[in-house]
Student: 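My structure is below; once you've seen it, I'll send some questions.
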Number of protein chains: 2
Amino acid sequence: MPLTPKGAATRQRIVEGAAEQIREHGVFGARLEDVMARTATSKSQLFHYFPGGKDDLLLAVARYEADRVIEDQQPELGALTSWGAWWQWRDKLLARYRAQGANCPLHTALAQLGRATDAARTVTCELLAQWQRQLAAGIRHLQADGATDPRLDADREAAALVAGIQGGVLILMATGTTTHLEAALDSGLARLRGPAADRAGLAGS
Amino acid sequence: MPLTPKGAATRQRIVEGAAEQIREHGVFGARLEDVMARTATSKSQLFHYFPGGKDDLLLAVARYEADRVIEDQQPELGALTSWGAWWQWRDKLLARYRAQGANCPLHTALAQLGRATDAARTVTCELLAQWQRQLAAGIRHLQADGATDPRLDADREAAALVAGIQGGVLILMATGTTTHLEAALDSGLARLRGPAADRAGLAGS
DNA sequence: CGTTTTCTGGACTTGCCGGTCCATTTTTCG
DNA sequence: CGAAAAATGGACCGGCAAGTCCAGAAAACG
């Protein structure tokens, strides 16, 4: 199915509109009608671009959001080559979630498990894996520089970090406070940094 | 509204049945009909015991599950007075989630945000707070025994632990593997334990 | 033992929302 | 310019599941 520029634009508009809708009202409160209204499209367009119906659209949104999560952390996440970079990444991540508040794209995908199951699950896993991979790379970099304990299992520590972040965001969604996310990040980084000294306040961004 | 023993039993049966249904099929895949079939009750009974309808029932389930989450970690969680107790708690928690796999009662509540919003949010927050409180108490105990760095902020570390656990469970739900949950727990405990030595394999339960 | 309250059964209503269909307009391209 | 393909509009259908209602069975209670 060839897509004319116009078509591609519409499709994109739909995905973005749906993403917004979901961010604001959750996956459950995302009726096709709302998306239609928000994006000024008709039902036939939705089904034209997403023949698989709602699941299809949701999957596209999941992919879209998954990409954004990673992108929003760049370039820091991709170049965790010094402690400075790590702090900057930490601050950026925190700022991002603090700003957006009650939403986690991961949940967009996650909440779908059981519908577009396999596909959504794949997207989620891929996102997590990519995230973890980049963190692990950063840890290895620190190790190579002798900036952290070389005996640490980089992958495992990265996994722990990712878990902490996810949990922090989850709790942010539930409670509206970023304390847990902060705690998870700071505690995780402190562990990497070693027993030396914890980072008391939050230094320069 | 006084409840006869029979009535109370029925009500309880409904809550438990609904909880099961949700565990197996998610909050979305939990139709009242399913609950009725599973608990051998009729629709009028549902609305008799939960006048507020589905939201009301869901809230009751959230409360029920929240209690279980804490209870299932006892007595260890309530008496984290030694490293041994901490490891046992770790193993118990891991076993619990490994067994139940694709479910997190917290999500039961969480997914409702936007429906029975305030009430569900309260339940969730209370659960988190309680969890964190008990962990913090355990950390303070370690500090009192000189078993861990007294400079650590117990509340903050407890918050980080809770976040790691939540994220680990979340990822368990998405991927089916417990690696992240394990990593979060082990990394968190290792941090408490100090730079001394990480716990390589998983020692005695 | 009879009345009152609680409990139970299940038919019925209602509204929502995903999905289908076809007619119409707009774009592409030889 | 004209046919084919793509894009759009919106009426319509159908089913599902929440919620309502009333009638009848079973307890409670004096």
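First the proteins, then the strands, lettered A, B, ... as listed; each starts at 1. Both backbone and side-chain heavy atoms feed into the values below; hydrogens, waters and symmetry mates do not.
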Student: Please report the distance, rounded to the nearest Å, between CD in A:Glu33 and C1' in C:dG19.
Tutor: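 Whole-Å distance recorded here is 12 Å.
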Student: Considering residues at least two apart in sequence or located in another chain, which fulfil the side chain to side chain contact (heavy atoms under 4.5 Å, CB included) criterion with A:Ala160?
Tutor: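 With neighbours one apart ignored, the set is B:Ala183, B:Ser187.
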Student: Could you tell me how far apart B:Met36 (CE) and C:dG10 (C1') are, to the nearest whole angstrom?
Tutor: 8 Å
Student: Between the main-chain N or O of A:Gly29 and the side-chain N or O of A:Gln21, is there a donor-acceptor pair closer than 3.5 Å?
Tutor: yes
Student: Check this for me, if you would: do A:Glu65 and A:Arg68 make a salt bridge, where the nitrogen-to-carboxylate-oxygen distance has to be below 4.0 angstrom?
Tutor: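 Judged by the 4.0 Å cut-off on N to carboxylate O distance, A:Glu65 and A:Arg68 do form a salt bridge.
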Student: Distances under 3.5 Å between protein N/O atoms and the N/O atoms of nucleotides 7-9 of chain D, please, pair by pair.
Tutor:
from  : atom 1 : to      : atom 2 : distance (Å)
D:dA7 : OP1    : A:Thr4  : N      : 3.2
D:dA7 : OP1    : A:Thr4  : OG1    : 3.2
D:dA7 : OP2    : A:His48 : NE2    : 2.9
D:dT8 : OP1    : A:Thr10 : OG1    : 3.2
D:dT8 : OP2    : A:Thr10 : OG1    : 3.4
D:dT8 : OP2    : A:Gln45 : NE2    : 3.1
D:dT8 : OP2    : A:Tyr49 : OH     : 2.9
D:dT8 : O5'    : A:Gln45 : NE2    : 2.9
D:dG9 : OP2    : A:Gln45 : OE1    : 2.7
D:dG9 : N7     : A:Ser42 : OG     : 3.4
D:dG9 : N7     : A:Ser44 : OG     : 2.3
D:dG9 : O6     : A:Ser44 : OG     : 3.3

Student: Within this structure, what is the CZ-to-P distance between B:Phe47 and C:dC7, rounded to whole angstrom?
Tutor: 17 Å
Student: Whole Å only: how far is the NZ atom of A:Lys54 from the P atom of D:dG15?
Tutor: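 It works out to 19 Å between those atoms.
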Student: Does A:Arg133 pair with A:Glu126 as a salt bridge, N-O distance under 4.0 Å?
Tutor: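 Result for this pair is yes, salt bridge flagged.
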Student: Less than 4.0 Å between a side-chain N and a carboxylate O, is that true for A:Asp155 and A:Arg140?
Tutor: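 Looking at A:Asp155 together with A:Arg140, the answer is yes, because their closest N to O distance falls below 4.0 Å.
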Student: If I take atom CG in residue B:Leu46 and atom C1' in nucleotide C:dG9, what distance separates them, rounded to the nearest angstrom?
Tutor: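 For the pair B:Leu46 CG and C:dG9 C1', the rounded distance is 13 Å.
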Student: Please report the distance, rounded to the nearest Å, between CZ in A:Phe50 and P in C:dG18.
Tutor: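 The answer, rounded to whole Å, is 15 Å.
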Student: Strictly below 4.0 Å, N to O, side chains only: are B:Glu33 and B:Arg38 in salt-bridge contact?
Tutor: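 No.
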Student: Given atom CZ of B:Arg31 and atom P of D:dG15, what is their separation to the nearest angstrom?
Tutor: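 It works out to 16 Å between those atoms.
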Student: Please report the distance, rounded to the nearest Å, between CG in B:Asp55 and P in D:dA17.
Tutor: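 Rounding to the nearest Å, CG of B:Asp55 and P of D:dA17 are 17 Å apart.
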